[in-house]
Amino acid sequence: MKKIKNIMSLLSIVLVLASCTSEKELALSYVEKFSLKGYKPVEKIYVCLPNSVLHTNQTLNQIDDFVDLDYDVQDSVIVANTKILNRINDSIFLQQFNDNLIYNLGRLGIPVVVVDDPILMPKAVKNKIFTLYILQLEAEEFVKRTRSDYEDNKNNLYYYYDYDLKGFSTNVWYLLNDTVDGDNKDVYFKNFETIDEFEGTIKEIKGNKALGVGVFDKINVNDAYLMAYRAGAISAKKFCEKIINDYVRANVKGLPAYYYYFNPIDKTVTYYDYELYKDNESFIKIDKD
């Protein structure tokens, strides 16, 4: 009886391994078919791009009674607390996002169609027609209050230095494989952030004072354009991964064993354990409540 149980256990392991292998082959063959000579895709990706940029300065929201200040005072406060947004050229910002989104979507091999009017976006069809509508693109400037500290355990003293780091974020809202007037309008979100860096060193301690030196590596408008570039490229990559993973889920029983990553440079697929990845969403769904 024990021998029969052992044989059954071995068969179960073989079946699981075979299932995982076929799942991997399913994902790989799906991506590879778009590069096959003579293959004419029936699939299409329809994209509706943003044509404006929302500017948000979170620093101003942290100023008490800002809306009650005189207009002249508000203008002065805005100038003093705005370092990047007022230098962004929206046309360049949009071009960095849009061009890299389209370019990297096309790397999967599925034809990409740009739709100017969201009302004209077609209805998504499973594994054939994919729709990506960028609802909003936001350029956001913010300040992060930060502390660097040093503890002198020998003399039981604690030293610290408080400072502000300027940050910038490109925020994107999406409709994925959904129509504008559909009943199920799940909105997704992703942000792409960069921030100043500070590096300091304690040089000397005299009495109750710690003397140190520090260097700030500050972000500038070029870093903002870089975030727009990354937002477009990574959004495309993640949408391609959604297409691949949705295809696998539709063709395997139960939950897939792996999450599949797409490398747009060489059009390859790598995979990681699905249970480890499942809580790390590519796109964050916004709670409708």
Side-chain angles (χ1 to χ4, degrees), residues 44-62 84-85 88-106 108 110 112-124 129-142 144 167-195 221 223-246 259 262 264 277-289:
K44 283 187 179 179
I45 299 174
Y46 290 85
V47 185
C48 189
L49 300 169
N51 54 25
S52 63
V53 182
L54 175 66
H55 287 224
T56 301
N57 191 340
Q58 286 292 351
T59 309
L60 303 179
N61 296 336
Q62 298 168 3
I84 296 177
L85 283 177
I88 288 177
N89 182 308
D90 283 3
S91 295
I92 297 175
F93 194 85
L94 280 166
Q95 185 174 16
Q96 288 294 317
F97 177 83
N98 291 341
D99 286 359
N100 285 285
L101 178 73
I102 296 300
Y103 174 70
N104 285 282
L105 281 174
L108 181 57
I110 300 176
V112 179
V113 180
V114 177
V115 179
D116 293 330
D117 187 345
I119 299 298
L120 300 178
M121 286 282 278
K123 185 179 178 65
I129 294 178
F130 311 99
T131 61
L132 175 59
Y133 175 25
I134 308 300
L135 289 171
Q136 185 170 274
L137 183 66
E138 179 182 39
E140 180 184 31
E141 186 172 331
F142 62 92
K144 182 179 180 182
F168 179 85
S169 179
T170 296
N171 304 318
V172 191
W173 285 261
Y174 317 80
L175 278 182
L176 309 173
N177 295 330
D178 200 0
T179 53
V180 176
D181 57 349
D183 295 328
N184 182 26
K185 296 174 73 170
D186 288 330
V187 178
Y188 292 81
F189 170 82
K190 195 168 182 62
N191 83 304
F192 305 85
E193 185 176 294
T194 186
I195 195 166
V221 69
D223 295 301
Y225 294 140
L226 178 60
M227 286 302 100
Y229 169 95
R230 291 188 69 245
I234 295 175
S235 294
K237 180 179 181 296
K238 293 302 179 184
F239 190 69
C240 290
E241 287 173 3
K242 177 175 173 56
I243 291 173
I244 297 165
N245 283 276
D246 285 352
Y259 179 89
F262 175 63
Y277 183 87
K278 67 180 182 180
D279 293 328
N280 182 20
E281 293 289 342
S282 295
F283 300 100
I284 302 171
K285 184 186 289 188
I286 295 178
D287 192 344
K288 294 179 181 179
D289 298 331

Taking every non-hydrogen atom, the tightest pair across [X] and [Y]:
| X | Y | value |
| --- | --- | --- |
| Leu85 | Glu140 | CD2-N, 4.4 Å |
| Arg230 | Phe192 | O-CE2, 4.2 Å |
| Leu105 | Ala236 | N-CB, 3.5 Å |

With rounding to the nearest 0.5 angstrom, report the [atom1] to [atom2] distance, [X] to [Y].
| X | Y | atom1 | atom2 | value |
| --- | --- | --- | --- | --- |
| Asn177 | Tyr46 | CG | OH | 13.0 Å |
| Phe283 | Asp186 | CZ | CG | 13.5 Å |
| Leu101 | Ile234 | CG | CD1 | 12.0 Å |
| Leu135 | Cys48 | CG | SG | 9.0 Å |
| Phe130 | Ile45 | CZ | CD1 | 7.0 Å |
| Ile84 | His55 | CD1 | NE2 | 12.0 Å |

State, with a plain yes or no, whether a side-chain heavy atom of [X] is found less than 4.5 Å away from one of [Y].
| X | Y | answer |
| --- | --- | --- |
| Tyr133 | Val115 | no |
| Leu175 | Val187 | yes |
| Val114 | Asn98 | no |
| Pro264 | Leu108 | no |
| Ile134 | Phe97 | yes |
| Pro50 | Leu94 | yes |

[atom1]/[X]: more than 12 non-hydrogen atoms of other groups inside 6.0 Å:
| X | atom1 | value |
| --- | --- | --- |
| Tyr229 | OH | no |
| Phe189 | CZ | yes |
| Asn89 | CG | yes |

With side chain to side chain contact (heavy atoms under 4.5 Å, CB included) as the test, would you mind laying out the steps for Phe168 and Asp223 before giving the verdict? CA-CA 8 Å; Phe168 179 85; Asp223 295 301; over 6 Å; no
Can you list the steps and then say if Glu141 with Asn57 is a side chain to side chain contact (heavy atoms under 4.5 Å, CB included)? CA-CA 5 Å; Glu141 186 172 331; Asn57 191 340; 4.3 Å; yes
Under 30°, 30 to 60°, or over 60°: which ring-plane class applies to Phe93 and Tyr225, parallel, tilted or perpendicular?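 Geometry flag for Tyr225 against Phe93: tilted rings.
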Evaluate the side chain to side chain contact (heavy atoms under 4.5 Å, CB included) criterion for residues Thr56 and Phe142: first the C-alpha distance (whole Å), next the side-chain angles of each, then the deciding distance (0.1 Å), finally the verdict. CA-CA 9 Å; Thr56 301; Phe142 62 92; over 6 Å; no
CA sep, side-chain torsions, deciding dist, call: Leu176, Leu132, side chain to side chain contact (heavy atoms under 4.5 Å, CB included): CA-CA 5 Å; Leu176 309 173; Leu132 175 59; 3.5 Å; yes
